[in-house]
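We name chains A, B, ... by the order of the sequence lines, and we start the count at 1 in each one.
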Protein chains: 2
Amino acid sequence: MSLNRRFSQQKKMIKDALSLLDHPTAAEVYEEIRKDYPQISLGTVYRNLSLMAEEHEILRLSFEGSPDRFDPNVWEHYHIVCERCGRIADTDRSLQPELLSRLDGAVEEATGFRVSGRCLVFRGLCPRCREGIS
Amino acid sequence: MSLNRRFSQQKKMIKDALSLLDHPTAAEVYEEIRKDYPQISLGTVYRNLSLMAEEHEILRLSFEGSPDRFDPNVWEHYHIVCERCGRIADTDRSLQPELLSRLDGAVEEATGFRVSGRCLVFRGLCPRCREGIS
DNA sequence: ATCCGTGCAAAGAATTTGCATACAT
DNA sequence: ATGTATGCAAATTCTTTGCACGGAT
């Protein structure tokens with residue numbers, strides 16, 4: 001049942017924009033590509049991003065109050081959003097596996113669910129925005 | 001500058017539906033209320049939910065692939081979604097404050113952000129869906 | 001009597017989809 | 001030659017908003 005997917009120049013441009021832009025929305029990817037290739041269509045951007053996310057080639061991220069964002073880093077990792085400027089940073093290296101499995105264990109015990117993954121989004125102030133506040 | 005908000009029957013129905021339905025979407029709240037009060041309008045449901053969320057009277061939750069959901073429990077708490085049936089459960093009591101502050105601390109150290117909150121969504125299989133799988 | 005909240009419908013934002021053509025295989 | 005992927009535009013889905021009217025204060 002797996003379809004034969006072809007290589008396309010547009011898909012490559014989309015992946016490039018993804019790495020360049022850090023956690024962009026589809027519209028941001030579209031605008032970036034348009035600089036070099038104005039005939040790109042927003043539908044193509046959405047189509048490729050959705051397909052790649054389905055195939056786990058990239059991640060689709062959902063943040064409250066913003067359109068979906070996309071991430072070429074498919075390793076499970078987590079994010080923190082600056083509540084002042086909206087900047088998004090990865091928290092990967094900060095979360096020891098030991099801490100996560102204790103967390104999962106606690107959740108499993110309390111809910112009876114079997115945990116297979118997590119989506120952790122922290123909120124806070126980024127270094128730049130912390131200056132001049134206190 | 002705070003406006004005088006009035007009491008309305010509709011707002012009460014919406015809060016009632018919220019507690020009844022666990023993590024419903026606006027459309028689900030709307031359908032529930034329509035059973036008893038068919039003239040309710042979806043706009044009114046959205047208007048009230050958005051206002052209440054802004055005033056921190058309820059929470060607005062964003063899950064990937066689903067419209068926003070609403071929660072009358074305003075204490076910071078977390079959720080787990082069944083990847084088979086979509087059921088959403090709370091994980092509150094399971095997460096010891098000690099574990100969370102270690103998590104926050106690790107994130108702060110790695111990112112330089114100051115953490116002020118988190119939105120934790122776990123993924124897994126609910127007890128019902130685990131049966132008959134292995 | 002005032003003026004906020006409602007119902008309705010239209011507008012708006014985000015995303016998906018149908019179709020004819022272009023292009024990778 | 002075949003059949004996906006594209007560009008375009010229309011369609012969907014989710015959510016917000018403008019306006020005249022009804023209801024809470």
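The structure places CD1 of B:Ile14 at 5.5 Å from CG of B:Leu49, a figure rounded to the nearest 0.5 Å. Here the CD-CZ distance, from B:Glu83 to B:Phe122, works out to 13.5 Å after rounding to the nearest 0.5 Å. Atom CZ of A:Phe70 sits about 7.0 Å away from atom OH of A:Tyr46, to the nearest 0.5 Å.
Rounded to whole Å, the distance from CG on B:Leu42 to C1' on D:dT16 is 11 Å. If you measure from atom CD of A:Gln10 to atom P of C:dT21, you get 18 Å, rounded to the nearest angstrom. One interatomic measurement links the two molecules: NZ of B:Lys11 to C1' of D:dG23, which rounds to 16 Å at whole-angstrom precision. Counting to the nearest Å, the P atom of C:dA22 and the OH atom of A:Tyr37 are 12 Å from each other. Atoms CD (B:Glu54) and P (C:dG5) sit 13 Å apart, rounded to a whole Å. Rounded to an integer number of Å, the gap from CD of B:Gln39 to P of D:dG23 is 11 Å. Computed from coordinates, the A:Phe7 CZ to C:dT25 P distance equals 7 Å when rounded to whole Å. Nucleotide C:dT2 holds its C1' atom 11 Å from the CG atom of B:Asn4, rounded to whole Å.
As judged by a 4.0 angstrom heavy-atom cut-off over every strand, B:Tyr30 is placed among residues making no nucleic acid contact. Note on A:Gln9: nothing from the nucleic acid sits closer than 4.0 angstrom, heavy atoms only.
Phosphate proximity of D:dC14 to B:Thr25: absent, as no side-chain N or O sits under 4.0 Å from OP1 or OP2. One finds a side-chain N or O of A:Ser8 lying less than 4.0 angstrom from the OP1 or OP2 phosphate oxygen of D:dT6. Phosphate proximity of C:dT15 to A:Ser50: absent, as no side-chain N or O sits under 4.0 Å from OP1 or OP2. The phosphate of D:dT4 has neither OP1 nor OP2 within less than 4.0 Å of any side-chain N or O from A:Arg5.
Nearest heavy atom pair, residue A:Pro72 against residue A:Ile58, reads CA-CG2, 4.2 Å. Looking at every heavy atom in both residues, B:Glu64 comes nearest to A:Arg60 through OE1-O, 2.9 Å. Residues B:Tyr30 and B:Ile40 share a closest heavy-atom pair of CE1-O, 3.4 Å. Closest of all the heavy-atom pairs between B:Leu99 and A:Arg102 is CD1-CZ, 3.5 Å. Nearest approach of B:His79 to B:Asp90, heavy atoms of both residues: CD2-OD1, 3.1 Å.
For the residue pair A:Arg69 / A:Ser62, no side-chain donor-acceptor distance below 3.5 Å is found, with atom types taken as modelled. For the residue pair B:Ser41/B:Arg47, the side-chain donor-acceptor check at 3.5 Å is not satisfied.
For the segment residues 58-70 of chain B, no residue has any heavy atom less than 4.0 angstrom from an atom of DNA chain C. The stretch residues 17-24 of chain A does not touch DNA chain D, since none of its heavy atoms comes less than 4.0 Å from the strand.
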Close N/O contacts between protein and nucleotides 17-22 of chain D (under 3.5 Å):
| from | atom 1 | to | atom 2 | distance (Å) |
| --- | --- | --- | --- | --- |
| D:dG18 | O6 | B:Arg47 | NH1 | 3.0 |

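Residues B:Asp22 and B:Asp71 form no side-chain contact, since every pair of their non-hydrogen atoms from C-beta on lies 4.5 Å or further apart.
The side-chain contact (heavy atoms from CB on, under 4.5 Å) test applied to A:Lys11 returns A:Ser8, A:Asn48, A:Met52, A:Glu57, not counting sequence neighbours. Every residue two or more places apart in sequence or in another chain that forms a side-chain contact (heavy atoms from CB on, under 4.5 Å) with A:Pro127 is listed here: A:Arg87, B:Phe113.
In the helix from C:dA1-D:dT25 to C:dT25-D:dA1, the rotation axis of the first five pairs and that of the last five pairs differ in direction by 30°, rounded to 10 degrees.
Cluster membership check: B:Leu42 does not share its hydrophobic cluster with B:Leu21, using side-chain heavy-atom separations under 4.5 Å among Ile, Leu, Val, Met, Phe, Trp and Tyr.
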